[in-house]
Chemist: 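For reference, the structure I am asking about is given below.
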2 protein chains.
Amino acid sequence: MTVLETQGFLPHIAFDSVIFGFSKGKLKILLMEYHDTGWLALPGGFVRKEEDLDEAAKRGLKERTGLDNIYLEQFYTFGNMARFKPEVMQTILEANGFFLDPDHWMLDRFISVSYFALINFEKVILTPDELSDSIAWYEIDSLPKLILDHNAIVAKALQTLRENLERKLIGGNLLPERFTMNELQQVYEAIFGEKIRRTTFQRKMLGLDILERHEKLYTGKSHKAPYLYSFKKV
Amino acid sequence: MTVLETQGFLPHIAFDSVIFGFSKGKLKILLMEYHDTGWLALPGGFVRKEEDLDEAAKRGLKERTGLDNIYLEQFYTFGNMARFKPEVMQTILEANGFFLDPDHWMLDRFISVSYFALINFEKVILTPDELSDSIAWYEIDSLPKLILDHNAIVAKALQTLRENLERKLIGGNLLPERFTMNELQQVYEAIFGEKIRRTTFQRKMLGLDILERHEKLYTGKSHKAPYLYSFKKV
DNA sequence: CCAAAAGTGTTAGCGTTACACCCATGG
DNA sequence: CCATGGGTGTAACGCTAACACTTTTGG
């Protein structure tokens, strides 16, 4: 199936995903780079005519990262006229050798139902789509200019993540199954963009009674070995 | 213009509004009752082809309540296949004397971008749409069965309202410009569905430094007259 | 003077903060 | 023994809860 297939997708409706990962102390998201233009965009896609909206987003996530069963949350739907710039999609498609009628469904106005995902950086197998040269990680606090309103979409995703992090305790989704307290703290610091007091953080996390303590992690460094933790199941 | 106009609206995209009001100690929402069927639904509508999504929701709110400049927040977009029941819209339209082709755009699949609004009950001038016999207030904790997934939409709206009430301090939008502390407390109690300690509530609200104290309200009752408060501007 | 509701003072409790201290590890 | 980073004890602090008390109003 090609993206240009006329049948099969709902017109006017797209989804975009802000896929967060954490590595080397930095919060990052995935961006696609379109052929030739060098333009950067969030990974996204369209909704099949007989597919749940959420399923479409899950499918898109799976296609780009290979991952299933991921923390995925819908956070906002962007539908201003200002985001309707048919020449952008037209240029992207032409760079791929597709020359469409001006009234082709892909050049029409779209609203974007936007999701954010939290994934374990280590497990991702990146796969570009057919219009893109690459899909790659970009640090959240030095993002380049993205197409359309995608920078605003990222900003809103980050805001939602910050608001929900402590209430829903979803930060662990960015880490491997077992992690040290320091790693968890780095995730929180990367998301909030500020340093957190070590002892306070440790006590707050342990006090929530959501962590299970496992064996120590011996790194070969000359200091006390930290415990490994995991989130309690159910 | 009639709802059946084929041109002018984006297909597949609808909006629905959960419009909250507060009266006589109860939290209420507005529901439409369709002709003949007796079916109840959230007020909603479609998005014009050259209209911002948010503008469409504002327009719908204005059409039903007469109100402008209202607290309105988009909270979720519902897009499961399970909500696609063309026979529901078909029955509603037939009850109004409209018999459409099965492939008419109004009988197609829709996703619903959902908004909730907080309004001053006293100021509303209710106006049914052309498919409805009535638009009226219903108490949130004894809602009847609504069409499609509208009960779930209301549930999610209420959940979002509860989560945002204290963070965004939006409760005052349900009250007149000036109100007593007791009235504000009743709003909070109606939204959370539980009693709040009077003195604690008063001190917390005053401590937030968002209220301005005005003259006392003499009701003729034989007890101390309460102060009137308003929210500080900016 | 009384009843009722509004507003405030006071104390206790509890969770977070700040800082110190101790522990484990490898060089 | 030292440097380094992890873990915990303790006291101060601050916010909320709990309850008593005072104030205001009309009958």
Side-chain angles (χ1 to χ4, degrees), chain A residues 22 24-25 162-163 165-169 171-172 175-232, chain B residues 22 24-25 162-163 165-169 171-172 175-232:
Chain A
F22 178 78
K24 302 207 172 70
R162 283 176 177 159
E163 288 171 0
L165 188 61
E166 309 207 55
R167 195 162 43 77
K168 298 191 182 169
L169 300 169
L175 291 171
E177 171 72 15
R178 298 195 173 190
F179 48 85
T180 65
M181 191 61 78
N182 190 357
E183 289 171 328
L184 186 60
Q185 181 175 340
Q186 284 185 53
V187 167
Y188 275 67
E189 289 177 340
I191 292 174
F192 289 121
E194 53 190 31
K195 289 284 169 200
I196 302 173
R197 209 167 303 275
R198 180 182 63 93
T199 55
T200 304
F201 181 79
Q202 164 130 284
R203 242 191 281 267
K204 186 191 285 184
M205 283 299 140
L206 293 178
L208 291 173
D209 197 38
I210 53 168
L211 295 181
E212 211 153 352
R213 179 176 281 180
H214 302 285
E215 77 281 6
K216 291 186 175 181
L217 172 70
Y218 290 90
T219 60
K221 299 274 179 62
S222 64
H223 54 75
K224 190 171 179 176
Y227 290 107
L228 287 172
Y229 296 90
S230 68
F231 281 87
K232 286 185 181 173
Chain B
F22 179 78
K24 300 204 171 69
R162 284 176 177 159
E163 288 172 1
L165 189 61
E166 309 207 55
R167 195 162 45 77
K168 298 191 183 169
L169 301 169
L175 291 171
E177 172 72 15
R178 297 193 174 192
F179 48 85
T180 64
M181 192 61 78
N182 190 5
E183 288 171 329
L184 186 59
Q185 181 175 343
Q186 283 185 54
V187 167
Y188 274 67
E189 290 176 340
I191 292 173
F192 289 121
E194 53 190 30
K195 289 283 169 201
I196 300 173
R197 209 168 302 277
R198 179 182 64 90
T199 54
T200 304
F201 182 80
Q202 165 129 284
R203 239 190 285 264
K204 188 191 286 184
M205 283 299 141
L206 292 178
L208 291 173
D209 197 40
I210 52 168
L211 295 181
E212 212 153 351
R213 180 176 280 180
H214 303 286
E215 74 280 7
K216 292 185 177 184
L217 172 70
Y218 291 90
T219 61
K221 300 272 180 62
S222 65
H223 55 75
K224 188 170 180 176
Y227 290 108
L228 286 172
Y229 296 90
S230 68
F231 282 87
K232 286 184 179 170

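Numbered from 1 within each chain, the chains take letters A, B, ... in sequence-line order. Bear in mind that the values here come from a model prediction, so they are computed numbers and not experimental data.
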Chemist: Round to a whole Å and report the spacing from CZ of A:F201 to C1' of D:dT8.
Modeler: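 Result: 17 Å.
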Chemist: How is B:T199 classified with respect to the nucleic acid when contacts are heavy atoms under 4.0 Å: base, sugar-phosphate, or nothing?
Modeler: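 Contact class for B:T199: base.
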Chemist: Quick one: B:F179 CZ to C:dA6 P, roughly how many Å, whole number?
Modeler: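 My rounded result for the distance is 14 Å.
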Chemist: Any idea which heavy atoms bring A:I196 and A:Q185 closest together, and the distance?
Modeler: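 Closest approach of A:I196 to A:Q185, heavy atoms only: O-NE2, 2.9 Å.
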Chemist: Looking at D:dT16, I'd like to know if its phosphate oxygens (OP1 or OP2) sit under 4.0 Å from a side-chain N or O belonging to B:T200.
Modeler: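 No, because none of the side-chain N or O atoms of B:T200 sits under 4.0 Å from OP1 or OP2 of D:dT16.
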Chemist: Given D:dT8, C:dG7, D:dA18, identify the nucleotide with an atom nearest to the side chain of A:R203.
Modeler: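 From the listed options, D:dT8 comes nearest.
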Chemist: To the nearest Å, how far apart are B:K195 NZ and D:dA17 C1'?
Modeler: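 Whole-Å distance recorded here is 18 Å.
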Chemist: With sugar-phosphate meaning primed atoms plus P, OP1 and OP2, does B:K216 contact a base, only sugar-phosphate, or nothing at under 4.0 Å between heavy atoms?
Modeler: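 Answer is sugar-phosphate: B:K216 comes under 4.0 Å of backbone atoms only.
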Chemist: In whole Å, I'd like the distance from the CZ atom of B:R197 to the P atom of D:dA20.
Modeler: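 It works out to 12 Å between those atoms.
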Chemist: Taking any heavy-atom pair under 4.0 Å as a contact, classify B:G207: base, sugar-phosphate, or nothing.
Modeler: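 Counting heavy atoms under 4.0 Å across all strands, no contact is made by B:G207.
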Chemist: When you compare the side chain of A:P226 with that of A:M181, does any pair of heavy atoms fall below 4.5 Å?
Modeler: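 A:M181 vs A:P226: side chains apart.
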Chemist: Please name the pair of heavy atoms, one in A:S230 and one in A:H214, separated by the smallest distance, quoted to 0.1 Å.
Modeler: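 Distance-wise, the nearest heavy atoms are OG-NE2, 2.6 Å.
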Chemist: Is the number of heavy atoms from other residues, nucleotides or ligands within 6.0 Å of NZ (B:K168) greater than 12?
Modeler: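 Buried by this count: over 12 neighbours within 6.0 Å.
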Chemist: Give the rounded distance in Å between these two atoms: CG of A:L184 and C1' of D:dG7.
Modeler: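 In whole Å, D:dG7 C1' lies 16 Å from A:L184 CG.
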Chemist: So A:D209 and A:K232, do their side chains get closer than 4.5 Å, heavy atoms only?
Modeler: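 Yes, side chains in contact.
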Chemist: Atom NZ of B:K204 and atom P of C:dG7: how far apart are they, to the nearest Å?
Modeler: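 In whole Å, C:dG7 P and B:K204 NZ are 18 Å from each other.
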Chemist: Please report, rounded to the nearest Å, how far the P atom of D:dC15 is from the CD atom of B:E166.
Modeler: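 For the pair B:E166 CD and D:dC15 P, the rounded distance is 16 Å.
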Chemist: Output the rounded distance in Å from CE (A:M205) to C1' (D:dG7).
Modeler: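 About 16 Å, once rounded to whole Å.
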Chemist: Between the protein and nucleotides 1-6 of chain D, which nitrogen or oxygen pairs come in under 3.5 angstrom?
Modeler:
residue	atom	partner	partner atom	Å
D:dT4	O2	A:S222	O	3.0
D:dG6	OP1	A:N182	ND2	3.3
D:dG6	N2	A:K224	NZ	3.4

Chemist: Looking at every non-hydrogen atom in both residues, tell me the closest pair between A:F22 and A:A190 and how far apart they are.
Modeler: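 Shortest heavy-atom contact: CE1-CB, 3.8 Å.
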Chemist: Kindly assign one of parallel, tilted or perpendicular to the pair A:Y188 and A:F192, based on the angle between their ring planes and the thresholds 30° and 60°.
Modeler: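 Answer is tilted, since the angle falls between 30° and 60°.
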